[in-house]
Participant: 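Sharing a structure with you now.
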Amino acid sequence: MGISKYEKVIDYAIKKGFLWQSYEIYGGQAGFYDLGFLGVLLKNNIINLWREFFIRRHQEFVIEIETPVITPSIVFKASGHEENFTDYAVECMQCHRIFRADHLIEEKLNVSIEGLPAEDLERLINENNIRCPICNGMLGNVKKFLLLFQTYIGPYSPENLAYLRPEAAQGMFINFKRVYDLARRRLPLGIAQIGKVARNEISPRQGPIRLREFTIMEIEFFYDETNPSCDLLYDYCTEEKILILTAEQRQRGEDKPISISPAEAFNDGIIKSPWLAYWMCISNKFINALGVPNGYSYFEEKLPNERAHYSKQTFDQMVVVDKWGRVEVSGHAYRHTYDLERHIMFSKADLYALRQLKTPKTIKRIDIQYDKMAILKTFGSRAGEVFKAILTTSKDELLKIISSTQGDNIVLNNITIPKNIFNIVEVEEQQWVERFIPSVSEPSFGAERLMYIALEYAYNEQEDRIVLRFPAKIAPIKVGVTPLVDREPLKQFARKVYEILKEHYYVLYIEGGTIGKKYALADELGIPFIITIDYDSISNNDVTIRERDSKRQIRVPFSDLLKVINLGLNNHDIFSIGYPVIEYYS
RNA sequence: GCGGCGGUCGUCUAGCCUGGUCUAGGACGCCGGCCUUCCAAGCCGGAGAUCCCGGGUUCAAAUCCCGGCCGCCGCACCA
């Protein structure tokens, strides 16, 4: 099989100090990675690019918040994670294969056994003599795996169980009402969050691809199902195609995705939520901007049994990678009203949105009126007690008492009151506003996986050298500066340029070795532009700018340097703006 | 968790089978010096290794044995 690109990229990334395994001096710990300075720069650039695509460009209706990682257990009871993030595994005593205990039982007995504890599963296995489906050996004890990290809040409160969040989403759901109010109760509304999450994976083995702690970038996008207001989908997502491998296709065993525009996919019912489609459209553009060309990523619809408990429809955005064929970089879940409903149920909080109706809804309800004058006349000085009795009884209850009592009188607080004092009427009310639970579509990205993707797609081997072809926007170091040879006065000039550029960018100043070696070093770090100071620079007060991928250079007056670098870093073609282009010095 | 394979300067590795000559050799990289006017030239010098950890066998362990840790591959897991 040979060494895969993954190994090469990771070797390279470790060597250059992008990342390395955490807790090395104690032997390391699987599922955790540290970032070095290049890694931090790259990750921050990716996060900021995500912010640009998903938040800044939608700032009228997408709002970023930040909420804690440590979360009281009640939140994940409500969200369903406490129940659904638990796996029950059982091992065959004979062949040592491991199976999901619940899956085995459900298959064999054809019943749903959600939420049963380990002892019950074990009992079911024994009672029904369920054996290993491969070798028919006896099965061992059922073991429980909780994929949430547990902790306790406060030193004296071991009963205050808490979890590290496995997704940032719950922080957004919990804050829905507050942000909705801040946004002047307008939908659609996106709440975005970027932060650390933790999942206690059983055996993470794919380096930075599968971590126990990672950075998630999510939007919970709330909208009115009856009025999605998703014009953007038709404004921006009708031309460009995305690739989708539908659940139907997968069930038929097909693996060739269809090519369709997001707007079309929604119209055809392939994507069930317009906003899910819109964010998939943006996600596709975003992945392109990280250096993944069209055709190298697609959306895979999850089968119903593969979906998370909260999702009505899920697409995983897959990017083609050398080692595993593809890797999931984002999940797009149509969470619908599930989470808000659950939090309303558990917290009793009002997490409803309001909808203005075009025509008022007429609501009929029964009302009880009573004759104040008659009460005064009948009860005289005791009227006050009667009013109190009536007011402290709820309308529903009063209605029940009146309708269920035979005869002409009812008894309230030991006071006998004639029925004819009450008048039961049907009133019609017009409602212009309606409460409802908004629907949610969620795009969710893992930052570290994107880092790996960016590295793998940037990684190029040219003869015996490595060039990292990062898009300028995410390149950790933006500019290099070097004297052509390490002699004065070139060094002095180069250092001056370095000092100026440092004000604006991360810059690498290079001395030592030959010019070829310096360029190679800069290419290896993915630096998009390198500025060389030669002897002509001294006499003409200008510099050369070399572009990483083409190796071509232009000669630019010193005074224009910043302007040109800025253009270059913003994806303008610096070779077509009029400065002399040098294909190659010899 | 189970099974297979592996772990030696920063990196890649020689040595392990057949214990001693290994105060562990080399290359790349790094540091210092010389040289160098455009794509990883050359020369000189230097620093750099708990041989993964612990225990055992032995006069003697990088080398043999046991346990542990970590990694890779397969089973399983991966909302």
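In this text the structure is predicted, and so the values were computed from the model without any measurement. Reminder, nothing fancy here: chain letters follow the sequence lines and each chain counts from 1.
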Participant: Please identify each residue that fulfils ring-ring contact (aromatic ring centres under 6.0 Å, His included) with A:Phe299, with sequence neighbours left out.
Facilitator: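 Expected list: A:His332.
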Participant: Would you kindly give the CD-to-P distance between A:Glu461 and B:rA40, to the nearest whole Å?
Facilitator: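 The answer, rounded to whole Å, is 16 Å.
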Participant: Of all the choices, B:rC77, B:rC38, B:rA40, which nucleotide is nearest to the side chain of A:Arg210 once you look at every atom?
Facilitator: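 Nucleotide nearest to A:Arg210's side chain: B:rC77.
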Participant: Is the cationic atom of A:Lys496 (NZ for Lys, CZ for Arg) positioned less than 6.0 Å from the six-membered ring centroid of A:Phe493 and within 45 degrees of its normal?
Facilitator: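 Relative to the ring axis of A:Phe493, which defines the angle, A:Lys496 lies inside both limits.
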Participant: Could you tell me which residues satisfy side-chain contact (heavy atoms from CB on, under 4.5 Å) with A:Pro304, sequence neighbours excluded, listed by chain and number?
Facilitator: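 Once residues adjacent in sequence are excluded, the partners of A:Pro304 under the side-chain contact (heavy atoms from CB on, under 4.5 Å) criterion are A:Arg307.
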Participant: Which one is paired to B:rG74, where only Watson-Crick or G-U wobble pairs with both distances under 3.5 angstrom count?
Facilitator: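 Across all strands, the one nucleotide that pairs with B:rG74 is B:rC2.
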Participant: Name all residues meeting the ring-ring contact (aromatic ring centres under 6.0 Å, His included) criterion together with A:Tyr296; count only those two or more places apart in sequence or in a different chain, and write none if there are none.
Facilitator: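 A:Tyr296 satisfies ring-ring contact (aromatic ring centres under 6.0 Å, His included) with no residue once adjacent residues are dropped.
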Participant: Please state how far atom CD1 in A:Ile531 lies from atom C1' in B:rC38, giving the value in whole angstrom units.
Facilitator: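 The distance from CD1 of A:Ile531 to C1' of B:rC38 comes to 15 Å, rounded to the nearest Å.
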Participant: Taking the inter-plane angle between the rings of A:Phe173 and A:Phe222 on a 0 to 90° scale, is it parallel (under 30°), tilted (30 to 60°) or perpendicular (over 60°)?
Facilitator: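 If you compare the ring of A:Phe173 with that of A:Phe222, the planes turn out perpendicular.
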Participant: On the side chain of A:Arg546, is there an atom forming a donor-acceptor pair with the base of B:rC39 - under 3.5 Å, no angle test?
Facilitator: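 For A:Arg546, whose side chain was compared with the base of B:rC39, there is a donor-acceptor pair (under 3.5 Å).
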Participant: So if I take every side-chain heavy atom of A:Lys323 and compare against B:rC72, B:rC30, B:rU11, which nucleotide ends up nearest?
Facilitator: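 Between B:rC72, B:rC30, B:rU11, the one nearest the side chain of A:Lys323 would be B:rC72.
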Participant: Calculate the interatomic distance between A:Met318 atom CE and B:rC78 atom C1'; express it in whole Å.
Facilitator: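 From A:Met318 CE to B:rC78 C1': 12 Å.
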Participant: If B:rG48 has a Watson-Crick or G-U wobble mate with both distances under 3.5 Å, name it; if not, just say none.
Facilitator: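 WC or wobble partner does not exist here.
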Participant: Excluding sequence neighbours, so at least two apart, what forms ring-ring contact (aromatic ring centres under 6.0 Å, His included) with A:Tyr298?
Facilitator: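 In terms of ring-ring contact (aromatic ring centres under 6.0 Å, His included), with neighbours along the sequence ignored, A:Tyr298 is linked to no residue.
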Participant: Using whole Å, what does the distance between atom C1' of nucleotide B:rC30 and atom CD of A:Glu511 come to?
Facilitator: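 For the pair A:Glu511 CD and B:rC30 C1', the rounded distance is 17 Å.
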Participant: Quick one: is A:Gln553 getting a side-chain N or O under 4.0 Å of the B:rC38 phosphate, OP1 or OP2?
Facilitator: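 So the side chain of A:Gln553 is outside the cut-off, no N or O lying under 4.0 Å from OP1 or OP2 of B:rC38.
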Participant: For B:rC65 and B:rU58, measure between their C1' atoms and round to the nearest Å.
Facilitator: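 Between the two C1' atoms, the distance is 12 Å.
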Participant: Quick test: give all pairs of protein nitrogen or oxygen and nucleotides 32-37 of chain B nitrogen or oxygen below 3.5 Å, distance rounded to 0.1 Å.
Facilitator:
| residue | atom | partner | partner atom | Å |
| --- | --- | --- | --- | --- |
| B:rU36 | OP2 | A:Arg487 | NH2 | 2.4 |

Participant: A:Phe214: which residues meet the ring-ring contact (aromatic ring centres under 6.0 Å, His included) condition with it, sequence neighbours left out?
Facilitator: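 If we apply the ring-ring contact (aromatic ring centres under 6.0 Å, His included) test to A:Phe214, skipping adjacent residues, there are no hits.
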Participant: Who does B:rG19 pair with, Watson-Crick or G-U, both distances under 3.5 Å?
Facilitator: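 Check on B:rG19: unpaired, no WC or wobble geometry under 3.5 Å.
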Participant: When the distance from CD1 of A:Ile10 to C1' of B:rG71 is rounded to whole Å, what number comes out?
Facilitator: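 Whole-Å distance recorded here is 13 Å.
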